[in-house]
Every structure is written in C-alpha cells, then in structure tokens.
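Let me begin by presenting the structure, written as structure tokens, before commenting on it.
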2 protein chains.
Amino acid sequence: MPKALPTVYDVAARAGVSIATVSRVFRRPDEVTEATKTVVQAAVRDLGYVPSGSARGLAARRTGSIGLCFPDFDGIDQFDPLTFTAGPVSVALDPAGDFEPTGDLYISEVMRGIEIEAWRHGVAVTIAVARGPRRSEIFDNLAGRVDGMVALSRTVPDELLAHIARRIPVVMIAGPRADDAYDHISTDSAGGMRAMTEHLITSHGITDLAFIGGPADSPDAKNRFDGHREALRSAGLRVARAPRMRGDFTRSQGRAIGRELLAEGRLPRALVCANDQTALGVLDALTRAGVRVPEDAVVTGFDGIDATQLSSPRVTTVRQPMLELGRAAVDTLLRRLSDPQLAPDSRTLPVEVLLRESCGCLPVASHDDFS
Amino acid sequence: MPKALPTVYDVAARAGVSIATVSRVFRRPDEVTEATKTVVQAAVRDLGYVPSGSARGLAARRTGSIGLCFPDFDGIDQFDPLTFTAGPVSVALDPAGDFEPTGDLYISEVMRGIEIEAWRHGVAVTIAVARGPRRSEIFDNLAGRVDGMVALSRTVPDELLAHIARRIPVVMIAGPRADDAYDHISTDSAGGMRAMTEHLITSHGITDLAFIGGPADSPDAKNRFDGHREALRSAGLRVARAPRMRGDFTRSQGRAIGRELLAEGRLPRALVCANDQTALGVLDALTRAGVRVPEDAVVTGFDGIDATQLSSPRVTTVRQPMLELGRAAVDTLLRRLSDPQLAPDSRTLPVEVLLRESCGCLPVASHDDFS
DNA sequence: CATGTGGATGTATGCGCATACATTGTGAGA
DNA sequence: TCTCACAATGTATGCGCATACATCCACATG
C-alpha cells in the first residue's frame, strides 16, 4: 500500500483554504495574511507535505535547476556491482610505491565552483554521466529536466549537444572555441604556457626545451602547445612541430614518459609538461633515476593542483582558476537564462605562473632548513 | 519572443501519428513498428524535440533522479559575486609556506562513488547546498524533485530531514546510528581506530598515547575516540576521558595543535589523530620544529587521503573506503525504492590500517635509496 | 466466407501545481 | 450612509506526458 503523497489539495482541505492560497504561501508569501499562513504551515507540517518538483516545473515552465554533463571519468564502466564484505579490520604494511592519485582534482574543483555559484543563485545542479550504450537517452533525460546546461569539453558528442542546445542554453567549459552558438568559458592556456616558456628562456637562459603534450584531442593540450611554440618563435629558437612526446594527463603515463626520456640518453635541459600530473610523473621517474631537478633538468607543469606543492622539489606550474571556471560557467548560464537574446559570450580567465623549486627559481629546501 | 518548445503534440503532428505512439517510441520501443519508429525519430530530430522531465515525472510519478544534500563545505557563503578580471599573465615567485589543501577529498570521493553507482543504474543525481537563510526552501525544492535522497551526516537539521523522509526514502552516510527510520551507511570507525591503537601498543610497545580529536559534534570523531579508548582499556592502560586536544579536521588547525603540544614541553610518544588532515598538520609542526617522526614521536591519521602518501614521512593511517561509501548509499537507496517495505538497513563498511613510515613500521626512505 | 485473435495504434484522462481572472470583504472618502 | 479601491482569497485551466482502455486491421482458423 504505497501511501499516497499529500498534495496541495490535501493541505488546502486541512487548512480550510483553497489550493491557490496554499500555493501562494510557498511562492508569494507576502500576498497572504499572517493568520492564513500560519494555518497553512501547520497543515503542511502535519501532513508532511512537500511540493512536487515535477508539477512545479511543468506549471511554471522552468525547473530551477541546471545540468552538468559529468565527464567520462576514467574507468567508470569498470566497476562491478558492489559486493558487501564484512570482517575484521585488516592491518598491513603499505610500502611506498608508485603513487596513483585518486580522482581528478581538476574536475572536483570545477564542480565545487559550480556548486558555489549555483547555491548563491538558489538553483540546484543535476549531474549525469552520459556514457555507454544508453548515452543519448541519459543525456536527453538530463536535458529534459534542467533549465540550462554546463558541459565540460569532450564530454558530449557534438551532435547530441546541438540537439539539446535547441531547447536549452549550453555553456561550454574549456571547449574548442568553435564557431558555434554556445557560450564559452576558458582559461588562458596559450598565454600561460607562453609566459612559462618565456620565463625558462629569458630568466634561466634555457634553449633546449622539450614539450610533453597531452591527448591529441584535448583543446587545452593543443592551446598549451601553441603557447609554447609562440614563445619559442619569439625567442628565435627552433620551433617544434609536434610535442616531443604525448601523455594522457595521468601521473603514471608521466612516469612512463620520464623513463622513456631517460632511456633515450641525453636529457633536454627543460621538460615543459602540458599538465601537472604529467610533470609529477616525469619528476617521479627522474628522481628515482637519480637525476637532480632542477640542477640536471628542469620540469614544469600546468594546472596548479595541490600535489605540485607536496612534491620534492615543488613543481613550478601555471595555476588556472579551476574554481572560477565553474563559477563563471554558472554565472554565464544564468545570465543567458534571464536574457536569451544575448549574443554568444566567450570569457577567458587569467592564469598565473607560479615559480617554485623545480625550475630553479627557489632553492630546494632540505629538512635541515627547518631545524 | 521565446520560441515555444516542441512537445509530443508537435512531433505527433509532424510524423502523422498520435501522441501515444510518440511516447511509446521513447518508453517502449518494442511495441512500435520499425517504420513508424523511423518516421517519429525523424520528426524528433527535425524539431529538436526533447521530452520534458517535469511532465514525465508528473505523469509517471517518479523522476528518475536521486538527491544529494551537499555538505556545508567551509566558507561557501564567503564568496563574493564573481568579478571578471583580465590582463597579462602574472609571473611570480611562490615561496614554500603552510600548505592549505584545496577542497575536501573525502567528500569528492564519496560523490564520485555516488556518481558511479547512479550511472550504473541509470539515474541522475541532483545536488543542492542547503545552507543559509533559505535553507529549508532549498531543501524542499530538492526533496520535491527526486525519488530519494542521500544525506551526509550533519548536513541537514533533524527536523527538516524528518519532514521530507515522510515523502521519500533517505539514506544517511556516516550519521549517528540513531533509532531512526533511515537506512544508514557507515564505516567501521571505532574498529579501525581500535586496531590502530592496539598496533601502537602491541607492536611498538607504546604506552604514552595522546588522542587528538575532531569536532565535538562529529559522530565519526566520537566513534574514533571510542575505538581508541577500547584499545586502551583492553591493554590495561589508563583510559583518557576526553581527547587530549580537539581539532576541526583541518590541516591548519592540526598545525596549531602541533605547535601547542610543542609549547607544552614533553611530547607524548604517539599522537593519534582523528583524521588525516589533523595528522598532517601536526606532522608539519613537529617537522618544522626539528622533531623527528617517528623516532621522537609517532603520528597517525585516519581516512586514507592521498596527501598521507605525499608527506615525508608518509603517514600511517586507517583507510576508509570513501568511494564505496557513496556507492553503497546509492545501492541501498535504489533497493529501498524498489521495495519500500524493507526494514531500515544499516551497513558498516570495513576499513584497513595502513602501516607506513610515520609509526616506524617502515624505514624512512631518503633520496639515496632511489639511486 | 464468417469469426476469432493478437498486434499496432488512437483516444481520453489525470498527474500536482501556478496563475489569470473572478469574487468577496474591508476601510477610506464623499 | 453609500460607493469605490484595493487587498485577500477562490475558481478554473493548462502545463506535457504516460497509460488504461478502445479501436482497427491483418491474418489464421473453422
């Protein structure tokens, strides 16, 4: 016997008023007498009434929530059904080994920014992972129940995106600046990497740089490489046509690249990596092989994740405002919702180069410095 | 002129069928002829039709999404409206200082687990931060548009939770095991901390232990302290009545506690911390003061966050399965949705003690070991 | 050739709310 | 005292879909 959920009608009956009054108590409290409000609220409490979001959304033609198409994070489809184990607490040695970071810090931060701004504006955020055979169904479901959508680059096929963009506004984060109708939010990847490369050339006098790229289909990775090349060109150095090697933005792949570089023999003076995880992996490999950073080789990253401050040496990197990326996306989306006439917007957030020990700008601290 | 969104009626008209057939193409494709399906799908594409989630939810009496009441993460209300700055890329020294972690890793992992399991079952996740003066309104909005809800402990006042629990099932993560009607998922905090403490006593022969607690209102912090006391009692040691000090689960507070301990003079042989961030903060303070860990003092944590592997020495800790916590919550929620008759469930997930360098179980690696 | 059967499709209705508009009641002003 | 304006509340309707039930049609069976 699934209990019938209370509706406005039940509340109205119990409070001795009409359903319009009940609705008003929630939507426009000012238009209702204090006394009536009290009676209605009591009925609401007694019955355990909660307005149906679906009915509200249908009647008001807006849902009050925005969608986030969650990226395809690695291995989501490798998880088996959960099995419940119970038993004694295991106690075991956990020897140091290759460190594998949990989750994706970049995405977590962007999401946090989205949450913050959504909260500030009183909207909820609905997330779905559009992946697997049911992808388009999942995506439609999401698009059907939100007022607008934020999409991280590479998370949704163009075709699907175009379809739903006819219904609700879409803001793309870090996507290719295509000639599309979406709003775009991105960070100054090219500018940041150019400044980083210029720094290595100008301040450290390095002319032997190798760029370690990211996935070939990543717009960010491409922009960063472009910035790198601009700096080389300005400095009159030989401009690489392609990255020296390509990683997949993971630390373990970075380690593999580091080992490969070592195996090749002569190490470039500077290893400019397309992101922090790659830089940290390269650093792992070099350090393990006894190569001194920055004395023997300089390593730099991009993103500004926490782990770059916890490594030894700390990694010189370009910090991009991940949280602001999320905030700006929501801000732009809500702006468009309130005025659909606006022309497609395109915002680029500034980045900053953080000079630390791995490029040699700061002396490597030893434990002795603390004592 | 806000374009009218296409509805089933528009699609039906264009395809020359009835709305029932259009609906069936989406909901029960098997009952429709291949030919009809093709015609309808063409109309859907042409018109850019996406089914309204609100109307679906209203008609079907379920929304296909579950709610997550996002915790009150620190400082959300301190954010000012976003201001857009533009300008040249800043390039500046970033000297080493007190490390302040970004975001909350625990929550990120739990969320990831929730996403994974939600994806596996084809449901979306709606998140809202119920905080501030509009808290109950926000919360009702969330509750009204989902089929069930996952609540992290301490994120929702009991009263609000009880109200919405009359409408939809609620699964609580890491909450106090009260005599309520909710399903509960938790980890074996007490057992883990007991095992950790027993290890220090038994394997290391330590009898002089100080427990550094967490917030007084955190059930987890309380359970961990209880486990610690059980171990002391079993070993016949003097059982502390209260934690030696209390942190707030942050690294900076951990550092403050570390400094305070140092200022007091005689350091206990082991500092058993209620969570990793606190342990890392204490470690920061001791290391900076020249105290050797583990030789002079042993430090242990709880949670198993990444940073415990990046510190030097690495921190011995109790790993709790954060991702599984999220997965189990969703699993339980969906189970209940499919059978509301089930009795309230209560699952405790196992934890594991990871013995590393900070308790002395493994030798501290120096850079020389790598070469 | 009449009848029965099952699959494909159409018709009509209600889900729970917001809101335009109608109605009622109250006090101010004439 | 009567009228008018406005505030408070009620009535009726539609939002877009899913679905129970009705209808229709092709084909098998007697």
Side-chain angles (χ1 to χ4, degrees), chain A residues 2-41 43-44 47-65 137 140-141 143-147 167-168, chain B residues 2-40 43-44 47-64 137 140-141 143-147 167-168:
Chain A
K3 59 184 172 189
L5 298 178
T7 71
V8 264
Y9 296 98
D10 301 313
V11 175
R14 177 157 190 133
V17 300
S18 76
I19 64 162
T21 300
V22 174
S23 181
R24 275 190 281 259
V25 167
F26 285 93
R27 314 305 287 175
R28 319 144 81 104
D30 304 335
E31 298 182 7
V32 178
T33 303
E34 212 45 51
T36 328
K37 206 184 303 185
T38 306
V39 176
V40 171
Q41 282 165 341
V44 166
L47 296 174
Y49 170 73
V50 176
S52 150
S54 296
R56 277 192 170 175
L58 185 57
R61 259 157 284 194
R62 42 185 305 289
T63 66
S65 82
E137 184 190 339
D140 266 17
N141 263 327
R145 74 174 126 223
V146 298
D147 296 330
R167 164 178 260 259
I168 54 176
Chain B
K3 60 184 171 190
L5 298 178
T7 71
V8 265
Y9 295 98
D10 302 313
V11 175
R14 177 159 191 131
V17 299
S18 75
I19 65 162
T21 299
V22 175
S23 180
R24 274 190 282 258
V25 168
F26 284 94
R27 312 307 286 175
R28 320 143 82 103
D30 304 336
E31 298 181 7
V32 179
T33 303
E34 222 28 66
T36 331
K37 206 183 303 184
T38 307
V39 176
V40 171
V44 166
L47 296 174
Y49 170 73
V50 176
S52 150
S54 296
R56 276 192 169 175
L58 186 57
R61 258 154 287 195
R62 40 186 306 290
T63 66
E137 183 190 340
D140 266 16
N141 263 329
R145 74 174 126 223
V146 297
D147 296 329
R167 165 177 258 258
I168 54 176

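Here is how names work: the chains are called A, B, and so on, in the same order as the sequence lines, proteins then strands, and each is numbered from 1. Bear in mind the structure is a predicted one, so any value in this text is a computation, not a measurement.
- A donor-acceptor pair under 3.5 Å is formed between the side chain of A/Thr7 and the backbone N or O of A/Tyr9.
- Here the straight-line distance linking atom CZ of B/Arg14 with atom CG of B/Leu47 works out to 5.0 Å at 0.5 Å rounding.
- Here the closest non-hydrogen pair linking A/Val146 and A/Ile168 is O-CG2, 3.6 Å.
- Side-chain atoms of B/Pro51 lie closest to D/dC17 of the nucleotides C/dC15, D/dC17, D/dC15.
- Per the geometry, OH belonging to A/Tyr49 stands 10 Å off P belonging to C/dG16, to the nearest Å.
- The nearest pair of heavy atoms linking B/Arg167 to A/Leu5 is O-CD2, 3.8 Å.
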Between the protein and nucleotides 26-28 of chain C, which nitrogen or oxygen pairs come in under 3.5 angstrom?
none

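- Rounded to whole Å, atom C1' of C/dG16 lies 17 Å from atom CZ of B/Arg62.
- For the pair B/Lys37 NZ and C/dT9 C1', the computed distance is 15 Å after rounding to whole Å.
- Summary for the helix from C/dC1-D/dG30 to C/dA30-D/dT1: the axes at its two ends, each from 5 pairs, differ by 50° when rounded to the nearest 10 degrees.
- Looking at residues two or more places apart in sequence or on another chain, you find no side-chain hydrogen bond (donor to acceptor under 3.5 Å, both in side chains) involving B/Asp140.
- Distance, A/Asp10 CG to C/dG16 P: 9 Å, rounded to whole Å.
- To the nearest 0.5 Å, atom CZ of residue A/Arg24 and atom OG1 of residue A/Thr21 are 5.0 Å apart.
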Contact state string [nucleotides 4-13 of chain D, B base, S sugar-phosphate only, - no protein heavy atom under 4.0 Å]:
----SBBBB-
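- Between B/Ala43 and B/Ala15 the shortest heavy-atom distance is CB-CB, 4.0 Å.
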Please evaluate residues A/Val40 and A/Val17 with respect to the criterion side chain to side chain contact (heavy atoms under 4.5 Å, CB included), reporting the C-alpha separation (whole Å), side-chain torsions for both, the decisive distance (0.1 Å), and the verdict.
CA-CA 8 Å; A/Val40 171; A/Val17 300; 4.0 Å; yes
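- As judged by a 4.0 angstrom heavy-atom cut-off over every strand, B/Phe26 is placed among residues making no nucleic acid contact.
- Among the atoms of the strands shown, base atoms are found under 4.0 Å from some heavy atom of A/Ser23.
- Atom pair A/Leu58:CG and D/dG14:C1' shows a separation of 8 Å (rounding to whole Å applied).
- In this structure, A/Leu5 atom CG and C/dG14 atom P are separated by 19 Å, rounded to whole Å.
- B/Gly48 approaches B/Pro6 most closely through the heavy-atom pair O-CG, 3.8 Å.
- The side chain of A/Arg61 places no N or O atom within less than 4.0 Å of a non-bridging phosphate oxygen (OP1 or OP2) of D/dC15.
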Considering only distance and modelled atom types, tabulate donor-acceptor pairs under 3.5 Å from the side chains of residues 50-57 of chain A, sequence neighbours left out.
| from | atom 1 | to | atom 2 | distance (Å) |
| --- | --- | --- | --- | --- |
| A/Ser52 | OG | A/Ser54 | N | 3.3 |
| A/Ser52 | OG | A/Ala55 | N | 3.0 |
| A/Arg56 | NH1 | B/Asn141 | OD1 | 3.0 |

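- Listed by chain and number, the residues in a side-chain hydrogen bond (donor to acceptor under 3.5 Å, both in side chains) with B/Thr63 are B/Asp147 (sequence neighbours excluded).
- Considering only side-chain N and O atoms, A/Arg56 lies under 4.0 angstrom from the phosphate OP1 or OP2 of C/dA18.
- Within the nucleic acid shown, A/Arg28 comes within 4.0 Å of sugar-phosphate atoms alone, with no base atom in reach, counting heavy atoms only.
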